[in-house]
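As structure tokens, the structure follows; a few thoughts come after it.
The shown structure was predicted, so the numbers you read here are calculated from the model rather than taken from an experiment. Atom set for the values below is all heavy atoms of this structure, side chains included, hydrogens, waters and symmetry mates excluded. Naming convention: chains lettered A, B, ... in sequence-line order (proteins, then strands); numbering from 1 in each chain.
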Amino acid sequence: MTSHSDLLAAKITAALVACVERGELNCEIPATITLERPKNRDHGDYASSIALQVAKSAGRAPREIAELLKRDLEALAEVASVEIAGPGFINITLERASQGEVVRQIREQGENFGRGKSLLGVAINLEFISANPTGPLHLGHTRWAAVGDALGRVLAAAGAKVTREFYINDRGNQMDLFGASVRAAATGQPIPENGYQGAYIADLAKEVVALNPEVLTLSGDEQSIQFRELAYKVQLKSQQEILETFGTKFDVWFSERSLHSSGAVEHGLEKLRSQGHVFEQEGATWLRTTDYGDDKDRVLIKSGGELTYFASDTAYYINKRERGSDICIYMLGADHHGYVHRLKAIAACAGDDPAYNIEILIGQLVKIMEGGEEVKLSKRAGTIITLEDLVEKVGVDAARYTLIRYPVETPMVLDVDVLKKRTNENPVYYVQYAHARIAAVLRNAAELKVAHALADFDPALLVHDRENELLGALAEYPRIVASAAEMREPHRIARYLEELAGVYHGFYADCRVLPLGDEPSTPTHSARANLCAATKQVLGNGLQLLGVGAPERM
RNA sequence: GCGCCUGUAGCUCAGUCGGAUAGAGCACUCGCCUUCUAAGCGAGUUGUCGCAGGUUCGAUUCCUGCCAGGCGCACCA
């Protein structure tokens, strides 16, 4: 079943082709047809500026071209009227009954309504958060925990095979420093220079000792190693637990160490060597990333023989691709944007297409306000806000929703006080309230014996402007999902849901759904109840893509 | 110095491939609950789309330069 926008776009293309074939027009046929829903209701249900676009190549006035297309479009059964406006816009108004058919589609497809095939057959590896297991997840990770998870759901809804992956940076100096810090805290020694300072280190130390008292009997390096390993386990588990309660799930927790122990690093190096981008200089082994837009070449093996973190990155990328991912998406914080060129270069050096096989999304940093003041974050002073803190303050739904509703390139300010409010300032409640409100109406419908099965639905009875507006908004949903997936922008789902909820609230205010008092139930009541059910379905589907709850009662 | 991101209403921010009179919430003023959830609806007010050029039927959107803010430029992890 195709939507009206798809249908109209196809018909416009067909009409253009027909005009060209008849010799009425001589122009290039655009690959995609611009079809938008006008902001102004007077401009019809759909509008196209196609005549303006092809006017130049056709060498004809836009309005003349629009007239040619108008004839073909008017002949369609779904179309009520076609108007030509302004410089050559084509405004299309649909037959009301035809527009109402979307309710049938939604109710038949249920939770599958909105799912598409634009990414069918594409395997996508989505890597996000990837924190060091040396501390709690903080605000920066939290944005990705919400957005990354939502993007995974959106990509899957577009048909992609998605692998969500968390890369555990469990190797290197930072881990040793972490172990030494925990050990120092446990044994009453001062925290080492550049060590980890937060209060959580002391808590970790206590927990490690409580679980493994024998660690205190060890000495020297062995004790350091044991503290590192035991604290690593505890910290990783706690990250996993909080992500679980946050509703963010990973398919793969990938350990950096495992890259080394499995031989993946050597394998990656061989692959890069075979592609001819590896060279030796000053005793070190380098990857010539400057061949592909990086501003300097990068060291893989230091002159001392140690492998760099960058070497792990190359191996990890190659490993992801060999595990079957077509596209590797990296979600990084703005403080890592300097990595974009070198990551792209890794793909190119491995013989891949950096424009297709690898994508890097940069998320700007998140600030937090409380009591009208910015909370300054400092690891050293221990004033970091963790994912757990945020959830405790505002709850999972409000936190997730707010983090997702902004494009990631927008630096955002989370206002904790606003997130606690239950007003329009806090849009998650606005959307959830619409869903709960419909649930209440449908409960009442059942009680009042208003038939609202699909069999009782007559689309021709939905003739009110508010009904029309709501139907139009519902029909948009599949396009929104498809564009959110294509553009990797899950915030579009949230913005759409706010729009849809607003349209529903307006409908609800003007159109009585259920019979009043002793009134008998009419087919119009049934039609409206069906419209409500369809709206509830779409709100629920959208919230599900965001990982936010769709409550039946509030 | 080089690179990336941002600059839209008093505040927080949307704005799809360049489209018609640039939007939403908050704030402010005023209406709407003896019947489906008022966590709602309606009306009013709010703009040098950072600045200056360019591209064209048309620019908040694309290009160039500048201004302002944030971030980054390791044989660190």
- Item | Separation of atom NE2 in A/His337 from atom P in B/C2, rounded to whole Å | 14 Å
- Task: Could I get the full list of side-chain hydrogen bond (donor to acceptor under 3.5 Å, both in side chains) partners for A/Ser48, not counting sequence neighbours?
- Result: none
- Describe the nucleic acid contact of A/Asn91 in one word from base, sugar-phosphate, nothing, applying a heavy-atom distance below 4.0 Å. base
- Identify which nucleotide among B/A14, B/C71, B/U16 has an atom closest to any side-chain atom of A/Pro407, counting heavy atoms from C-beta outward. B/A14
- Query: Syn or anti: how is B/C5 classified when any glycosidic angle within 90° of 0 counts as syn?
  - Reply: anti
- Sequence neighbours excluded, which residues qualify as salt bridge (Lys or Arg N to Asp or Glu O under 4.0 Å) partners of A/Lys393? A/Glu370
- Among B/C13, B/C36, B/C5, the nucleotide that comes nearest once only the side chain of A/Glu409 is considered: B/C5
- If we take the C1' atom in both B/A27 and B/U64, what is their distance in whole Å? 39 Å
- Looking for any heavy atom pair under 4.0 Å, which part of the strands does A/Gly86 touch: base, sugar-phosphate only, or nothing? nothing
- Heavy-atom contacts, protein to nucleotides 21-28 of chain B, under 4.0 Å, summarised as B (base), S (sugar-phosphate only) or - (none) per nt, yield B---SS--
- What distance, rounded to whole Å, do you find between the two C1' atoms, one in B/C17 and one in B/C51? 27 Å
- Counting heavy atoms from C-beta on, name the nucleotide in B/G15, B/C41, B/A14 closest to the side chain of A/Thr410. B/A14
- Looking across every strand, which nucleic acid part, if any, lies under 4.0 Å from A/Met175 by heavy atom: base, sugar-phosphate, or nothing? nothing
- Query: Nearest to the side chain of A/His491, which nucleotide is it out of B/A14, B/C13, B/A20?
  - Reply: B/A14
- Message: For the residue pair A/Asp397 / A/Gln432, report whether a side-chain donor-acceptor contact shorter than 3.5 Å exists.
- Response: yes
- Between B/U46 and B/C11, how far apart are the C1' atoms? Round to whole Å, please. 12 Å
- Take atom P in B/G50 and the same atom in B/C33, then report the distance between them in whole Å. 43 Å
- Indicate, with a heavy-atom threshold strictly under 4.0 Å, whether A/Ala85 touches base, sugar-phosphate, or nothing. base
- Query: If you measure from the P atom in B/U56 to the same atom in B/U48, how many Å do you get, rounded?
  - Reply: 29 Å
- Query: Hey, what do you get for CG (A/Leu545) to CD1 (A/Ile493), rounding to the nearest 0.5 Å?
  - Reply: 5.0 Å
- Item | Criterion salt bridge (Lys or Arg N to Asp or Glu O under 4.0 Å) on A/Glu266 and A/Arg273, from CA distance to verdict | CA-CA 10 Å; A/Glu266 276 112 65; A/Arg273 279 206 177 91; over 6 Å; no
- Task: Please tell me which of the listed nucleotides, B/A39, B/C71, B/C41, lies nearest to the side chain of A/Ala509?
- Result: B/C41
- Message: Taking the six-membered ring of A/Phe178 as reference, does the cationic atom of A/Arg228 (NZ for Lys, CZ for Arg) lie under 6.0 Å from its centre and within 45° of its axis?
- Response: no
- Secondary structure string for RNA chain B (Watson-Crick or G-U under 3.5 angstrom, | for other-strand pairs): (((((((..((((.....[...)))).(((((.......))))).....(((((..]....))))))))))))....
Below 3.5 Å, can you tabulate the donor-acceptor pairs from side chains in residues 82-93 of chain A to any protein atom, sequence neighbours excluded?
none

- Item | Spacing between A/Leu414 atom CG and B/C13 atom P, to the nearest angstrom | 10 Å
Taking only nitrogen or oxygen atoms into account, show me every contact under 3.5 Å that the protein makes with nucleotides 74-76 of chain B, one pair per line with its distance.
| residue | atom | partner | partner atom | Å |
| --- | --- | --- | --- | --- |
| B/A74 | O5' | A/Lys296 | NZ | 3.2 |
| B/C75 | O2 | A/Ser303 | N | 2.9 |
| B/C75 | O2 | A/Ser303 | OG | 3.1 |
| B/C75 | N3 | A/Ser303 | OG | 3.3 |
| B/C75 | N4 | A/Glu282 | O | 3.1 |
| B/C75 | N4 | A/Glu282 | OE1 | 3.3 |
| B/C76 | OP2 | A/Lys302 | NZ | 3.0 |
| B/C76 | N4 | A/Tyr339 | OH | 2.9 |

- Which whole-number value in Å describes the distance from A/Leu52 CG to B/U56 P? 16 Å
- Of all the nucleotides listed (B/C36, B/A39, B/G42), which has the minimum atom distance to the side chain of A/Met554? B/A39
- For atom CG of A/Leu403 and atom P of B/C13, their distance in whole Å: 13 Å
- Query: Can you list the residues that meet the side chain to side chain contact (heavy atoms under 4.5 Å, CB included) rule with A/Glu489, with sequence neighbours excluded?
  - Reply: A/Glu409, A/Met487, A/His491, A/Arg492
- Message: For a quick check of understanding: with a heavy-atom distance under 4.0 Å over all strands, which category does A/Val413 fall into, base, sugar-phosphate or nothing?
- Response: sugar-phosphate
- Message: From NE2 of A/His505 over to C1' of B/C33, roughly how many Å is that when rounded to an integer?
- Response: 16 Å
- Whole angstrom is fine here: how far is it from OH in A/Tyr433 over to C1' in B/A39? 6 Å
- Task: Using the C1' atom as the reference point in each nucleotide, state the distance between B/U45 and B/G25 in Å, no decimals.
- Result: 16 Å
- Pairs where residues 517-535 of chain A contributes a residue and the test salt bridge (charged side-chain N to carboxylate O under 4.0 Å, His left out) is met, not counting sequence neighbours: A/Glu467-A/Arg528
- Query: Going by ring centres under 5.5 Å and near-parallel planes (under 30°), is A/Tyr508 stacked on B/C41?
  - Reply: no
- Would you classify A/Ala334 as touching base, sugar-phosphate or nothing, given that sugar-phosphate means primed atoms plus P, OP1 and OP2, and contacts are heavy atoms under 4.0 Å? sugar-phosphate
- Message: Does the structure show A/Tyr430 stacking with B/A39, if we require the centres to be closer than 5.5 Å and the planes to be within less than 30 degrees of parallel?
- Response: no
- Using side chain to side chain contact (heavy atoms under 4.5 Å, CB included) as the criterion, list what pairs up with A/Glu447, not counting sequence neighbours. none
- Item | Minimum-distance nucleotide to A/Leu514 side chain [options: B/U6, B/G15, B/C36] | B/C36
- Query: How would you list, by chain and number, every residue that makes a side chain to side chain contact (heavy atoms under 4.5 Å, CB included) with A/Ala440, sequence neighbours excluded?
  - Reply: A/Arg443
- Task: Would you mind telling me which of B/C13, B/C71, B/A20 lies closest to the side-chain atoms of A/Phe89?
- Result: B/A20
- Message: Considering every strand and a 4.0 Å limit on heavy-atom distances, what is the contact class for A/Leu516: base, sugar-phosphate, or nothing?
- Response: base
- Item | Counterpart residues, salt bridge (Lys or Arg N to Asp or Glu O under 4.0 Å), relative to A/Asp510 (two or more places apart) | A/Arg466
- Query: Within a radius of less than 6.0 Å around CD of A/Glu64, do more than 12 heavy atoms belonging to other residues, nucleotides or ligands occur?
  - Reply: yes
- Note: for A/Glu476 and A/Glu256 on RNA chain B, the residue whose nearest nucleotide lies more 5' is A/Glu476
- Map A/Leu35 and A/Arg437 onto RNA chain B by nearest heavy atom, then report which one ends up closer to the 5' terminus. A/Leu35
- Which nucleotide in the list B/A20, B/C41, B/C36 gets nearest to the side chain of A/Val441? B/C36
- Message: Looking at A/Tyr508, I'd like to know if the NZ or CZ of A/Arg437 sits under 6.0 Å from its six-membered ring centre while staying within 45 degrees of the ring's axis.
- Response: yes
- Item | Protein-nucleotide distance (A/Glu36, atom CD; B/G18, atom P), rounded to Å | 12 Å
- What residues, two or more places apart in sequence or in another chain, satisfy ring pair (Phe, Tyr, Trp, His ring centres under 6.0 Å) together with A/His336? A/Tyr339
